[in-house]
Amino acid sequence: MEKTNIVLIGFMGTGKSTVGHALAARLGWRFVNTDDVIEEQQGMTISNMFAELGEPAFRQVESKVIQASLKEGRCIVATGGGAVLAEQNRTVMKEKGYVVALTADAQTIIERVSQDQNRPLVQGDVAERVHTLLEVRKHAYDFADQKIDTSILTVQEIVEVILAEMNL
Ligand code: S3P
């Protein structure tokens, strides 16, 4: 197989981490959640990073972490929802991985992200923020090799759909 990593992209709350863990367990590959690596490297939460250093600083670190995670192969990389906005990130994802976009309907996303205080871009009126950002990012995930709606499938079904498509 030419593509030796699987990169999960998609809006917040579409299940990238959950699916990534399950895929990694199934394949025996490493799992990297880029947000977790960023928090560990910076010694602060994503929310504090946005508040104290600003989003551009977060995006710079995010690009480096994505690049580093894709270096070795046999890695499932769950990226942050906004990682696809930078062209250099999209390029390295496509070059080094099989890119899977996870989607979910707006209501499912709102329910999932409402339970989490560590998503600075959807604080306040969560529903309004989600709808606005979904509109802004309507085509941001279109470059993926495969697209899967996670609001209608179980995690195991999603894993099987991905592996079947990749012939793994
Ligand atoms: C972001 C999504 C978050 C995190 C940060 C910014 C975004 O990751 O990277 O809050 O711009 O959509 P998740 O998609 O894992 O929530």
Side-chain angles (χ1 to χ4, degrees), residues 5-24 30-70 75-94 97 99-151 153 155 158-159 162:
N5 297 286
I6 299 175
V7 184
L8 299 172
I9 62 167
F11 200 82
M12 291 168 263
T14 51
K16 298 174 299 260
S17 294
T18 310
V19 170
H21 269 298
L23 262 175
R30 285 178 303 125
F31 172 71
V32 169
N33 177 321
T34 57
D35 282 344
D36 290 348
V37 176
I38 294 166
E39 289 193 330
E40 201 174 315
Q41 277 186 8
Q42 300 294 309
M44 63 173 97
T45 63
I46 302 288
S47 281
N48 285 343
M49 204 174 164
F50 269 66
E52 289 169 30
L53 307 178
E55 183 172 347
F58 168 80
R59 297 295 174 200
Q60 267 188 12
V61 179
E62 183 176 50
S63 291
K64 286 192 184 131
V65 170
I66 290 170
Q67 194 123 25
S69 330
L70 292 169
C75 189
I76 312 289
V77 182
T79 60
V84 297
L85 301 176
E87 191 184 352
Q88 58 162 327
N89 294 347
R90 295 195 299 273
T91 303
V92 73
M93 287 176 196
K94 284 289 259 193
V99 182
V100 181
L102 301 183
T103 66
D105 58 72
Q107 199 47 44
T108 303
I109 289 174
I110 291 163
E111 279 161 25
R112 289 177 183 168
V113 303
S114 293
Q115 291 153 21
D116 190 349
Q117 301 304 308
N118 196 23
R119 284 190 168 105
L121 295 182
V122 289
Q123 294 309 302
D125 186 339
V126 178
E128 191 274 328
R129 293 293 300 140
V130 166
H131 282 295
T132 302
L133 270 181
L134 273 175
E135 183 58 27
V136 170
R137 296 180 179 175
K138 205 161 46 181
H139 297 296
Y141 308 101
D142 287 354
F143 75 101
D145 296 301
Q146 186 182 4
K147 222 171 195 178
I148 304 172
D149 185 346
T150 65
S151 29
L153 296 172
V155 174
I158 296 164
V159 166
I162 294 170

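What you see is a predicted model, and the numbers here were worked out from it, not measured in a lab. Atoms within each ligand, like the ligands themselves, are counted from 1 in listed order.
Note that NZ of Lys147 and CD1 of Ile9 are 8.0 Å apart. Values are rounded to the nearest 0.5 Å. Rounded to the nearest 0.5 angstrom, Asp36 CG and Phe31 CZ are separated by 7.0 Å. Expressed to the nearest 0.5 Å, how far CD of Gln107 lies from OG of Ser151 amounts to 11.0 Å. To the nearest 0.5 angstrom, Asp35 atom CG is 4.0 Å from Ile46 atom CD1. One finds the OG1 atom of Thr45 at 10.5 Å from the CZ atom of Phe50 (value rounded to the nearest 0.5 Å). Between Ser63 atom OG and Ile38 atom CD1 the span is 9.0 Å, to the nearest 0.5 Å.
Nearest to atom 2 (C) of ligand 1 among the protein's heavy atoms is Gly81 N, 3.3 Å. Ranking the protein heavy atoms by distance from atom 16 (O) of ligand 1 puts Arg119 NE, 2.6 Å first. Here the heavy atom of the protein found nearest to atom 5 (C) of ligand 1 is Ile46 CG2, 3.9 Å. Atom 14 (O) of ligand 1 has Lys16 NZ, 2.7 Å as its closest protein atom, hydrogens excluded (heavy atom only).
Contacts of Leu85 with ligand 1, taken as heavy-atom pairs under 4.0 Å, are absent altogether. Contacts with ligand 1 closer than 4.0 Å are made by side-chain heavy atoms of Arg137 only, the backbone lying farther away. Under 4.0 angstrom from ligand 1, the non-hydrogen atoms of Arg59 all belong to its side chain.
Taking every heavy atom of Phe58 and a limit of under 4.0 angstrom, the matching atoms of ligand 1 come to 9 (O). Atoms of ligand 1 lying under 4.0 Å from any heavy atom of Gly80, numbered from 1 in the order shown and given with element: 8 (O), 9 (O), 14 (O). In summary, the atoms of ligand 1 found under 4.0 Å from a heavy atom of Gly82, numbered by their order in the structure, are 1 (C), 7 (C), 11 (O), 12 (O). For ligand 1, the atoms sitting less than 4.0 Å from at least one non-hydrogen atom of Leu121 are 7 (C), 11 (O), numbered in the order shown with element in parentheses.
Looking at Ile9, Thr34, Leu133, Asp35 and measuring to atom 3 (C) of ligand 1, the nearest heavy atom belongs to Asp35.
Checking Val77, Asp145, Thr79 one by one against Met93, the side chain to side chain contact (heavy atoms under 4.5 Å, CB included) holds for a single residue, Thr79.
Between Ile162 and Val19, some side-chain heavy-atom pair lies under the 4.5 Å cut-off.
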>> One pair to check against side chain to side chain donor-acceptor pair (under 3.5 Å): Asn118 and Glu39. What are the steps and the verdict?
In response: CA-CA 11 Å; Asn118 196 23; Glu39 289 193 330; 2.7 Å; yes
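Considering backbone and side-chain N/O atoms, Phe50 never comes within less than 3.5 Å of an N/O atom of ligand 1.
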